[in-house]
Amino acid sequence: MNKKAFIFDLDGVIVDTAKYHFLAWQKIAQSLNINFTHEDNELLKGVSRVRSLDIILGLGNVQASQEDKDKWLIQKNEDYLSYLVDMNESEILPGVLKILKLLKDKNQGIALGSASKNARPILEKTGILSYFDVIVDGNDVTNAKPDPEVFLKAAQLLNIDAKNSIVFEDSVAGIQAANIGGMVSVGIGEETILHEAQYIFKDFTEISSEFIEKLIG
């Protein structure tokens, strides 16, 4: 059987932590009198924490010192982590477990490729850490998506070529990163937003075992 690399983004793909990021960023924005909406939050998908803060400051035309930025970044992460304290398997998005189990049964390479620096504790709290052969997160890379570094590193650690890798992403930057890296891109979300993906599904409940078999080849 062919062995492929199946690489998953975390927030908005495997678990529903995007809402906690939004709440934490909104709290920072409100403290700076910046109106930060769900629509604005779309700009932060797949983007590093540092870049996310710059985007929010830009929305409010706020100039800030590096000292202030560092303070807000720490505050945002503390607020975000406080929301994760009670996290459990109920946070896993519909259909994800079925796909992870199928890939494990098929002896496929499974990796996480995420900008999050809290990936491991999230996977532990939701009880799915053992499914992943490789974890590459924000602590392991220097270039943010759409640079493909996070996905290329995951494939390399799995010892599988990029052309034999499949990426599941919910952000435009993530889809672009997969495409730039020469990987198969599978968008999870709205077709109007993720139209650059090779395949698009509303969520994992729409992904059949036949589709996974086709990807394995």
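Throughout, numbering of the chain's residues begins at 1 and tracks the sequence.
Under the 4.5 Å side-chain heavy-atom criterion for ILVMFWY residues, a single connected hydrophobic cluster contains both Leu123 and Leu103. Under the 4.5 Å side-chain heavy-atom criterion for grouping Ile, Leu, Val, Met, Phe, Trp and Tyr, Ile99 is connected to Val184 within one hydrophobic cluster. Hydrophobic cluster membership differs between Leu194 and Ile180, with clusters built from Ile, Leu, Val, Met, Phe, Trp and Tyr side chains linked at under 4.5 angstrom. Cluster membership check: Val15 shares its hydrophobic cluster with Phe168, using side-chain heavy-atom separations under 4.5 Å among Ile, Leu, Val, Met, Phe, Trp and Tyr. The hydrophobic clustering, which links ILVMFWY residues whose side-chain heavy atoms are closer than 4.5 Å, places Val150 and Ile7 together.
The main-chain N or O of Leu102 is never found under 3.5 Å from a side-chain atom of Asp105 such that the two would form a donor-acceptor pair. In terms of modelled atom types and a separation under 3.5 Å, the side chain of Asp203 and the main chain of Thr205 share a donor-acceptor contact. Remark: side-chain polar atoms of Gln108 are paired, donor with acceptor, to backbone N or O of Lys4 under 3.5 angstrom. Between the side chain of Glu149 and the main chain of Asn143, a donor-acceptor pair closer than 3.5 Å is present.
Other residues, nucleotides and ligands contribute more than 12 heavy atoms inside 6.0 Å of the CD atom of Glu91. Within a 6.0 Å radius of NZ in Lys27, no more than 12 heavy atoms belonging to other residues, nucleotides or ligands are found. For Gln63, the CD atom is loosely surrounded, since the number of other residues' heavy atoms within 6.0 Å does not exceed 12.
Residue pairs meeting the salt bridge (Lys or Arg N to Asp or Glu O under 4.0 Å) criterion with at least one member in residues 41-68, sequence neighbours excluded, are Glu42-Lys45, Lys45-Asp170, Asp54-Lys69, Asp68-Lys71.
Put simply, the side chain of Leu112 reaches to within 4.5 Å of the side chain of Ile14, judged on heavy atoms. Side-chain contact between Ile56 and Leu44 is present, with at least one heavy-atom pair separated by less than 4.5 Å. Annotation: side chain of Asp133 is in contact with side chain of Lys104 (closest heavy-atom distance under 4.5 Å). Taking 4.5 Å as the limit, some side-chain heavy atom of Glu78 sits within range of a side-chain heavy atom of Ile74. The side-chain heavy atoms of Leu57 and Trp72, taken from C-beta on, include a pair separated by under 4.5 Å. By the 4.5 Å heavy-atom criterion applied to side chains, Asn118 and Pro121 are counted as neighbours. Counting heavy atoms from C-beta on, the side chains of Leu157 and Val136 come closer than 4.5 Å. Gln176 is not listed as a side-chain neighbour of Lys145, based on a closest heavy-atom distance of 4.5 Å or more.
With 3.5 Å as the limit, one finds no donor-acceptor pair spanning the side chains of Thr192 and Glu190. The closest side-chain donor-acceptor pair between Ser185 and Asn179 falls under 3.5 angstrom. Defined by atom type and a distance below 3.5 Å, a donor-acceptor pair is missing between the side-chain atoms of Ser82 and Asp79.
Salt bridge absent: Lys202 and Glu191 never bring a charged side-chain N and a carboxylate O closer than 4.0 Å.
Atoms CG and CG, on Asp137 and Asp140 in that order, are 4.5 Å from each other to the nearest 0.5 Å. To the nearest 0.5 Å, the span separating CD on Gln198 from CD1 on Ile166 amounts to 10.0 Å. Atom CD1 of residue Ile122 and atom NZ of residue Lys117 lie 14.0 Å apart, to the nearest 0.5 angstrom. Note: Lys98 NZ to Ser208 OG = 7.0 Å, rounded to the nearest 0.5 Å. Note that CG of Asp40 and CD1 of Ile55 are 10.0 Å apart. Values are rounded to the nearest 0.5 Å. One distance of note links CG of Asn107 with CD1 of Ile216; it measures 9.5 Å at 0.5 Å rounding.
Here the shortest heavy-atom pairing between Ser114 and Ser116 reads OG-N, 2.9 Å. For the residue pair Pro94 and Phe204, the shortest heavy atom distance occurs at O-CB, 3.4 Å. When all heavy atoms are compared, the tightest approach of Ala111 to Ala154 is CB-CB, 3.9 Å. Annotation for Gly109 and Lys3: closest pair N-CE, 3.7 Å, computed over non-hydrogen atoms. Scanning both residues, Gly187 and Ala197, for their nearest heavy atoms gives N-CB, 3.6 Å. Scanning both residues, Asn88 and Thr126, for their nearest heavy atoms gives O-CG2, 3.4 Å.
Using cut-offs of 30° and 60° on the angle between ring planes, the pair Phe22 and His38 is parallel.
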> Would Ser165 and Ile160 count as a side-chain contact (heavy atoms from CB on, under 4.5 Å) if you check the C-alpha gap in whole Å, the side-chain angles of each, and the deciding distance to 0.1 Å?
Replying inline: CA-CA 7 Å; Ser165 302; Ile160 294 173; 4.3 Å; yes
Begin from the C-alpha positions of Phe151 and Glu169 and carry the test side-chain contact (heavy atoms from CB on, under 4.5 Å) through to its verdict. CA-CA 11 Å; Phe151 298 143; Glu169 260 286 358; 3.4 Å; yes
key: Audit row: Asn2, Asn164, side-chain contact (heavy atoms from CB on, under 4.5 Å) steps and yes/no   = CA-CA 9 Å; Asn2 296 325; Asn164 291 320; over 6 Å; no
Requested in this report: Would you please test Val47 and Leu43 for side-chain contact (heavy atoms from CB on, under 4.5 Å) and show each step?
Outcome: CA-CA 8 Å; Val47 173; Leu43 300 171; over 6 Å; no
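For the ring pair (Phe, Tyr, Trp, His ring centres under 6.0 Å) test, no residue two or more places apart in sequence or in another chain qualifies with Tyr131. Contacts of Asp11 classified as salt bridge (Lys or Arg N to Asp or Glu O under 4.0 Å), with partners at least two apart in sequence or in another chain: none. Residues forming a ring pair (Phe, Tyr, Trp, His ring centres under 6.0 Å) with Phe6 (at least two apart in sequence, or on another chain): none. Looking at residues two or more places apart in sequence or on another chain, you find no salt bridge (Lys or Arg N to Asp or Glu O under 4.0 Å) involving Lys125. Residues that satisfy the ring pair (Phe, Tyr, Trp, His ring centres under 6.0 Å) test with Tyr20, not counting sequence neighbours, are Tyr83.
Put simply, the residue from Val96, Leu100, Val186 that forms a side chain to side chain contact (heavy atoms under 4.5 Å, CB included) with Phe8 is Leu100. Each of Ile207, Ile188, Leu215 was compared with Tyr199 under the side chain to side chain contact (heavy atoms under 4.5 Å, CB included) criterion, and only Leu215 meets it.
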